[in-house]
S.K.: 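Supplied in structure tokens, the structure appears directly below.
The shown structure was predicted, so the numbers you read here are calculated from the model rather than taken from an experiment.
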Amino acid sequence: MAHYDYLIVGSGLFGATFAYCAKQAGKRCLVIDKRSHNGGNVYCEKTEGINVHKYGAHIFHTSNKEVWDFVNSLVPFNRYTNCPVANYHGELYNLPFNMNTFCRMWPDVHTPAEAEARINEQRAEALAALNGREPQNLEEQALCLVGKDIFFKLIKEYTEKQWGRDCKELPAFIIKRLPVRFVFDNNYFNDLYQGIPIGGYNLLIEKLLDGVETKTNCDFFSEDFNALLESFNIKLSTFNNNRVQAAHALAFKIVYTGPLDEYFDYRLGRLDWRTVSFKTRVEDTPNYQGNAVINYTSHEQPYTRVIEHKHFEMFGQAVYDCPKTVISEEYSSEYKPGMEPYYPVNDERNNALAEQYRALAAQEQNVIFGGRLAEYKYYDMAPVIEKVMNLEI
Ligand code: FAD
Ligand code: UDP
């Protein structure tokens, strides 16, 4: 007789939402996390009274009303709307590409028709250079979408910093996500709903895990987990040192949200990731850059973006009532073992390897693989929650 219905490995949004839904269904869960805190990548640390997004800026956005109502039933969300600004050698442009961007880029442009005509002129130039063939890489795709002025000032160098490769060597599909709008609308997302939990993401995680047993500093693959098993009188040796079998003596089912390749001890090889590192500091001013997100779109700065965390949750006078501010510079780099795995790499080798691991995962009995690490898939927050809400628990 196992002690729990579910052992949930990882307390990020996938694991925490799963624990919440399982608890609602009357199941007993134990959640473990190798970090010293719960919440995975949405975890925030308070500095100078400001919630600092420790693992990168997180803005919740969705068009799914069920997901929006669900998260708001736990913690109400604020009215934050993501309107990033690009800085190119000191020139400031609104993102995503919209009438505000175009009027700034071309001072003689004032109307949508004028902007469209200017972009069409530059698109025609790019299409002519292709001589009838399809765009083969990100550079060609971007030139055909928005023309050379926007490409060279707002896309090329930012993208090269982000991906560490020349735009001619990157796949075209990456850039298809950038919206182009002929209206004065700086809202980055097209979704119906967006915002930040009032009081921060930690509150959301606390609500999801309320009444659930959790254990931090407990890596499923480490001695700490062995010690946890021992505390239930479960010995690894009884199971031929097979950790998954031993874990099944603790819980009927395992929900695994850690890296897919690590679960299988990298037996087919390692999956690659892109990672980001952060240089975070306190500035002695209430308002450092006037916006939560500024993208640096030239090689002049080695970082891609600067985040000023207070603007996610403080508006109007509240910005000045808090005398200091916390900013983070983001540096994008190649992942090496020991670093935080952030973005899956979408190339042939990694896609094929992930497929092979997924086939192994499908054969595992009573183990659910879920979330961005275990599925090796880039997931925004809302789809992770939606996925769990649709599982049969
Ligand atoms: P995670 O949050 O990574 O949680 C996995 C947990 O498992 C971690 O706590 C980890 O410590 C734990 N774990 C791993 N291995 C083990 C082990 N062996 N033993 C025990 N515990 C283990 N989404 C948005 O919607 N909006 C955004 O603005 C946004 N910005 C992002 C910015 C960045 C830089 C990144 C990387 C992602 C961003 N996302 C954003 C995506 C968002 O972070 C994910 O959707 C979300 O984190 C997925 O939750 P998860 O539970 O799958 O993974
Ligand atoms: N991008 C860009 N300039 C910017 C912002 C984004 O060229 O100022 C490009 C870049 O190639 C990036 C892609 O658009 O990889 C998607 O960016 P987005 O911010 O939507 O996604 P994320 O940063 O979450 O990957």
Side-chain angles (χ1 to χ4, degrees), residues 61 63 82 84 86 88 93-106 109 112-183 185-191 271-274 276 295-299 304-305 332-335 342-356 358 372 375-380 383:
H61 57 100
S63 288
N82 196 31
Y88 179 76
Y93 295 97
N94 288 109
L95 296 173
F97 309 136
N98 73 86
M99 283 303 292
N100 290 306
T101 329
F102 307 142
C103 294
R104 185 76 199 231
M105 181 81 56
W106 307 299
V109 162
E114 287 166 1
E116 230 172 320
R118 181 64 55 92
I119 287 184
N120 283 342
E121 222 174 80
Q122 298 196 1
R123 279 176 179 156
E125 215 178 284
L127 284 170
L130 289 185
N131 239 333
R133 64 175 170 80
E134 288 291 305
Q136 312 254 293
N137 55 51
L138 190 148
E139 175 155 335
E140 291 179 354
Q141 177 71 61
L143 287 168
C144 292
L145 272 179
V146 289
K148 62 185 177 196
D149 288 347
I150 291 177
F151 175 69
F152 285 109
K153 286 192 169 182
L154 301 179
I155 298 177
K156 183 178 170 11
E157 296 172 43
Y158 182 92
T159 302
E160 289 175 354
K161 282 196 282 189
Q162 181 163 359
W163 296 99
R165 276 189 278 162
D166 192 282
C167 284
K168 290 197 186 75
E169 292 166 22
L170 286 164
F173 77 86
I174 296 181
I175 213 68
K176 287 188 180 153
R177 278 176 57 179
L178 281 184
V180 178
R181 299 189 189 128
F182 294 98
V183 286
D185 179 3
N186 297 328
N187 180 353
Y188 200 66
F189 299 120
N190 287 318
D191 279 321
L271 290 163
D272 296 320
W273 299 85
R274 199 73 191 143
V276 186
N295 291 4
Y296 283 83
T297 59
S298 86
H299 282 306
T304 48
R305 311 192 296 186
S332 194
S333 68
E334 222 46 72
Y335 168 85
Y342 275 131
Y343 300 103
V345 176
N346 262 308
D347 63 12
E348 256 174 56
R349 187 194 91 86
N350 285 288
N351 288 338
L353 188 56
E355 262 320 303
Q356 286 176 280
R358 284 187 200 112
R372 59 178 202 97
E375 294 182 56
Y376 194 67
K377 182 171 172 200
Y378 183 83
Y379 265 124
D380 276 329

S.K.: Heavy-atom distance under 4.5 Å between the side chains of Y343 and R372, does that happen here?
M.R.: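 They are not in contact (no side-chain heavy atoms under 4.5 Å apart), so the answer is no.
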S.K.: For a side chain to side chain donor-acceptor pair (under 3.5 Å) check, start with the C-alpha distance between D191 and S63, then their side-chain angles and the critical distance, and finish with the verdict.
M.R.: CA-CA 5 Å; D191 279 321; S63 288; 2.8 Å; yes
S.K.: Scan for side-chain hydrogen bond (donor to acceptor under 3.5 Å, both in side chains) pairs involving residues 134-147, sequence neighbours excluded, and state none if there are none.
M.R.: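 Found R133-E140.
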S.K.: Under the side-chain hydrogen bond (donor to acceptor under 3.5 Å, both in side chains) test, which residues partner N190, sequence neighbours left out?
M.R.: R181
S.K.: Does some side-chain heavy atom of H61 sit less than 4.5 Å from a side-chain heavy atom of D380?
M.R.: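 Contact flag for D380/H61 side chains = yes.
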S.K.: Can you tell whether the side chains of K156 and E160 come within less than 4.0 Å, N to carboxylate O?
M.R.: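 Looking at E160 together with K156, the answer is yes, because their closest N to O distance falls below 4.0 Å.
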S.K.: For residues T304 and Y158, report the shortest heavy-atom separation together with the two atoms involved.
M.R.: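 Distance-wise, the nearest heavy atoms are O-CE1, 3.4 Å.
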S.K.: At what distance, to the nearest 0.5 angstrom, does SG of C144 lie from CD of Q122?
M.R.: 12.0 Å
S.K.: Could I get the full list of salt bridge (charged side-chain N to carboxylate O under 4.0 Å, His left out) partners for K161, not counting sequence neighbours?
M.R.: none
S.K.: Less than 4.5 Å apart, side chain to side chain, heavy atoms only: is that true for F182 and V180?
M.R.: yes
S.K.: N187 and D185: which non-hydrogen atoms are nearest, and at how many Å?
M.R.: N-OD1, 3.0 Å
S.K.: Locate the shortest heavy-atom distance separating P135 from L130; write the atom from each residue and the value.
M.R.: N-CD1, 3.9 Å
S.K.: List for me each residue that meets ring pair (Phe, Tyr, Trp, His ring centres under 6.0 Å) alongside Y93, sequence neighbours excluded, and say none if there are none.
M.R.: none
S.K.: How far does OG1 of T159 sit from CG of L138, to the nearest 0.5 angstrom?
M.R.: 5.5 Å
S.K.: Test of understanding: with side-chain hydrogen bond (donor to acceptor under 3.5 Å, both in side chains), list the residues that count as partners of E355, not counting sequence neighbours.
M.R.: R358
S.K.: Partners of E157 by side-chain contact (heavy atoms from CB on, under 4.5 Å), sequence neighbours excluded?
M.R.: Y88, S298, H299
S.K.: Return the set of residues passing side-chain contact (heavy atoms from CB on, under 4.5 Å) with C103 (not counting sequence neighbours), or none when no residue passes.
M.R.: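 With sequence neighbours excluded, C103 shows a side-chain contact (heavy atoms from CB on, under 4.5 Å) to M99, F184, given in chain and number order.
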S.K.: Test of understanding: with side-chain hydrogen bond (donor to acceptor under 3.5 Å, both in side chains), list the residues that count as partners of K148, not counting sequence neighbours.
M.R.: E125
S.K.: Please report the interatomic distance OG1(T297) to NZ(K153), rounded to the nearest 0.5 Å.
M.R.: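 Rounded to the nearest 0.5 Å, the OG1-NZ separation comes out at 9.5 Å.
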S.K.: Sequence neighbours left out, what passes salt bridge (charged side-chain N to carboxylate O under 4.0 Å, His left out) with R123? Give chain and number order.
M.R.: none
S.K.: Is there a side-chain contact between Y335 and Y342, using heavy atoms and a 4.5 Å cut-off?
M.R.: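 Heavy-atom side-chain distance check fails, nothing below 4.5 Å.
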S.K.: Using the test side-chain contact (heavy atoms from CB on, under 4.5 Å), find all partners of N350 that sit at least two apart in sequence or belong to another chain.
M.R.: L271, D272, V345, D347, Y376
S.K.: Return the CD1 to CG distance between I155 and N295, rounded to the nearest 0.5 Å.
M.R.: 11.5 Å
S.K.: List the residues meeting side-chain hydrogen bond (donor to acceptor under 3.5 Å, both in side chains) with N98, not counting sequence neighbours, and say none if there are none.
M.R.: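 N98: side-chain hydrogen bond (donor to acceptor under 3.5 Å, both in side chains) contacts with N100, N186.
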S.K.: In residues 162-171, what donor-acceptor pairs under 3.5 Å come from side-chain atoms, sequence neighbours left out?
M.R.:
{"unit_1": "D166", "atom_1": "OD1", "unit_2": "K168", "atom_2": "N", "d": "2.9"}

S.K.: Do T101 and L154 come within less than 4.5 Å of each other through their side chains, counting heavy atoms only?
M.R.: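 Yes, their side chains come closer than 4.5 Å.
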S.K.: Which distance, rounded to the nearest 0.5 Å, do you find between the CD of E116 and the CZ of F102?
M.R.: 9.0 Å
S.K.: Side-chain contact, heavy-atom cut-off 4.5 Å: L353 with R349?
M.R.: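 L353 reaches R349 side chain to side chain.
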